[in-house]
Amino acid sequence: MTFEQTADLAEKTTQVFAVVNQKGGVGKSTTSVNLAACLGELGEKVLVVDLDPQGNLTSGFGLNRNQREFCIYDALIGDTPVEQLIEPVEIEHVFAIPATIQLAGAEIELVSALSRENKLRHILEPVIKDFAYVIIDCPPSLGLLTVNALTAAEGLVIPIQCEFYALEGLSKLLDSIRLIKRHLNERLEIFGVVMTMYDKRTKLSRQVVEEVRDFFTDKVFETLIPRTVRLSEAPSFGQPITLYDPSGKGADAYRSLAKEVIARV
C-alpha cells in the first residue's frame, strides 16, 4: 500500500504533536513509535516524523537508517519535496519520514537559513491535511531542530520517567515553550504528560507520579506506561510493542494511551 493510494482527502483538523523532553532516556521515541502504532490500530491515519539524528524512531519501525537515499534532512536543508520522503511502515495507516545521521549537521546548517525556526512547518504543509495525526519525535536537546518541532506543532506530549530527578530541567523546557508561544507559535500548548517507566512495586514511582500530577494537574494522562523488558526489547527488533508483544502490559498501556489521546482531541 502506497502513501498516494491511502491519502484521505476528506477535510478534517490534523492534530500535530511534538514529543519533547530535553532529557535523554525518558521514552520519547518509544512513546512516538507506540502511540502512532496504537492510533493506527484504531484506524487513525498517522504520520511520524523522526527529527532526532540518532534515528531511534526510524529503526523502531524497522526502517534501516543506513540504507536510506533521502531523509528529513534533505527537505530541511535541501529542496527534496516532503512527499518523496514518506514511507509506509508495518502498521496499517501509519507512515514515517525517517532520519539518518546526516541530520546531525542540520543544527549548524539551519543557523544561517532564512526563517530557520519555521522550516519544518513549511515543508510539512503540503501533506498535513492527509493525516489525522502528525507525531514529531524530537532530539534530547533544545536546539534548532526542537525549536522547529515546537513551531510546527500545536500540542506537546511530554514523557517523564518515574525516577529520581524526574522534574529536573523541565523549567528550562517550559521557559522555551513560553518563548516560542510568544514569538513563533501562539497555538502551542501542552497536550499531555506521559509517565513512563512506571514500576508499581516501588514507592519512588508512586511518589514521582504524585509530584508530577501536582505540578501539571490535569495535563497528566491517567495511563501509566510500565517498565517492562518487552518494551525495552521491541526497538531492537524494529517493531512497535503491538507487534512484538501484542498481548503484553506495554501494548495494553499504549493502547490505553491512544484512546486517551483520541478522547482529549
Side-chain angles (χ1 to χ4, degrees), residues 3-4 7 14-22 24 28-29 31-33 35-36 45-61 63-89 94-131 133-158 173 176-177 179-181 183-188:
F3 163 64
E4 290 81 4
T14 303
Q15 304 297 317
V16 184
F17 297 141
V19 181
V20 62
N21 189 329
Q22 79 272 26
K28 287 188 297 295
S29 297
T31 294
S32 299
V33 167
L35 176 58
K45 191 173 178 188
V46 185
L47 175 66
V48 286
V49 181
D50 195 344
L51 211 62
D52 185 350
Q54 296 176 81
N56 290 333
L57 181 142
T58 300
S59 58
F61 274 116
L63 302 174
N64 192 319
R65 290 171 293 182
N66 300 318
Q67 296 180 357
R68 316 230 68 75
E69 185 177 357
F70 299 105
C71 77
I72 187 67
Y73 170 89
D74 297 284
L76 281 172
I77 304 301
D79 55 4
T80 302
V82 71
E83 294 89 342
Q84 292 183 21
L85 305 176
I86 298 174
E87 300 185 29
V89 301
V94 181
F95 298 80
I97 299 179
T100 68
I101 194 62
Q102 253 193 311
L103 191 58
E107 290 275 5
I108 297 170
E109 293 178 74
L110 280 170
V111 169
S112 59
L114 186 67
S115 190
R116 61 188 184 181
E117 299 92 351
N118 290 289
K119 292 281 283 185
L120 183 64
R121 182 168 65 85
H122 291 323
I123 67 173
L124 290 177
E125 275 178 358
V127 298
I128 272 185
K129 66 182 183 301
D130 298 324
F131 297 91
Y133 294 87
V134 175
I135 297 174
I136 306 166
D137 187 30
C138 297
S141 69
L142 292 175
L144 270 174
L145 288 174
T146 298
V147 170
N148 265 265
L150 300 188
T151 305
E154 295 172 357
L156 301 179
V157 175
I158 304 175
L173 173 62
S176 297
I177 292 169
L179 283 171
I180 288 167
K181 184 177 174 66
H183 298 291
L184 295 169
N185 181 8
E186 63 182 15
R187 304 166 302 161
L188 188 64

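Rounded to the nearest 0.5 Å, atoms CD1 (I77) and CD1 (I72) are 10.0 Å apart. Atoms CD1 and CD, from I135 and Q15 in turn, are 11.0 Å apart once rounded to the nearest 0.5 Å. In this structure, R68 CZ and T100 OG1 are separated by 9.0 Å, a value rounded to the nearest 0.5 Å. With rounding to the nearest 0.5 Å, the separation of CG in N148 from CG in L110 is 6.0 Å. For the atom pair CD1 (I177) and CG (L156), the distance works out to 4.5 Å, reported to the nearest 0.5 Å. In this structure, CD1 in I128 is found 9.0 Å from CZ in R121, a value given to the nearest 0.5 Å.
Within the 4.5 Å cutoff, side-chain heavy atoms of L184 are placed close to those of V147. Counting heavy atoms from C-beta outward, L57 and D52 have side chains that stay 4.5 Å or more apart. At a threshold of 4.5 Å between non-hydrogen side-chain atoms, the residues R65 and C71 do not count as touching. Two residues are said to be in side-chain contact when any heavy atoms from C-beta on lie closer than 4.5 Å; Q102 and D74 meet this criterion. Using a 4.5 Å cut-off on side-chain heavy atoms (C-beta onward), L35 and V46 make no contact. Contact annotation: the side chain of I123 approaches that of L76 to within less than 4.5 Å [non-hydrogen atoms, C-beta and beyond].
Between A106 and Y73, the shortest heavy-atom contact is CB-CD1, 4.1 Å. Minimum heavy-atom separation, Q22 to L173: OE1-CB, 3.4 Å. Of all heavy-atom pairs spanning I136 and A152, the tightest one is CD1-CB, 4.2 Å. Nearest heavy-atom pair, S32 versus V48, reported as atom, atom and distance to 0.1 Å: O-CG1, 4.2 Å. Among all heavy-atom pairs drawn from L145 and E107, the shortest one is N-OE2, 3.3 Å.
Take V82 and apply the side-chain contact (heavy atoms from CB on, under 4.5 Å) test, not counting sequence neighbours, and it matches I97, L124, V127. In this structure T146 satisfies the side-chain contact (heavy atoms from CB on, under 4.5 Å) test together with V20, C138, P139, S141, L142, L150, sequence neighbours excluded.
A side-chain contact (heavy atoms from CB on, under 4.5 Å) with F61 is found for one member of D50, N56, V89 and no other, namely V89. Considering L47, V94, V16 in turn, L47 is the only one that fulfils the side-chain contact (heavy atoms from CB on, under 4.5 Å) rule with F131.
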**Asked** Does the side-chain contact (heavy atoms from CB on, under 4.5 Å) test come out yes or no for T80 and L85, once each step is laid out?
**Response** CA-CA 8 Å; T80 302; L85 305 176; 3.9 Å; yes

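Judged by distance alone, the side chains of S29 and D137 do bring a donor and an acceptor atom under 3.5 Å apart.
Side-chain N or O atoms of T58 include none that pairs as donor or acceptor with a backbone N or O of L63 at under 3.5 Å. Listed for the K181 side chain is a donor-acceptor partner under 3.5 Å among the backbone atoms of L188.
By the 30° and 60° cut-offs, the orientation of the rings of Y133 relative to F17 is tilted.
Note on K119 versus E109: no salt bridge recorded, every NZ/NE/NH1/NH2 to OD/OE distance being 4.0 Å or above.
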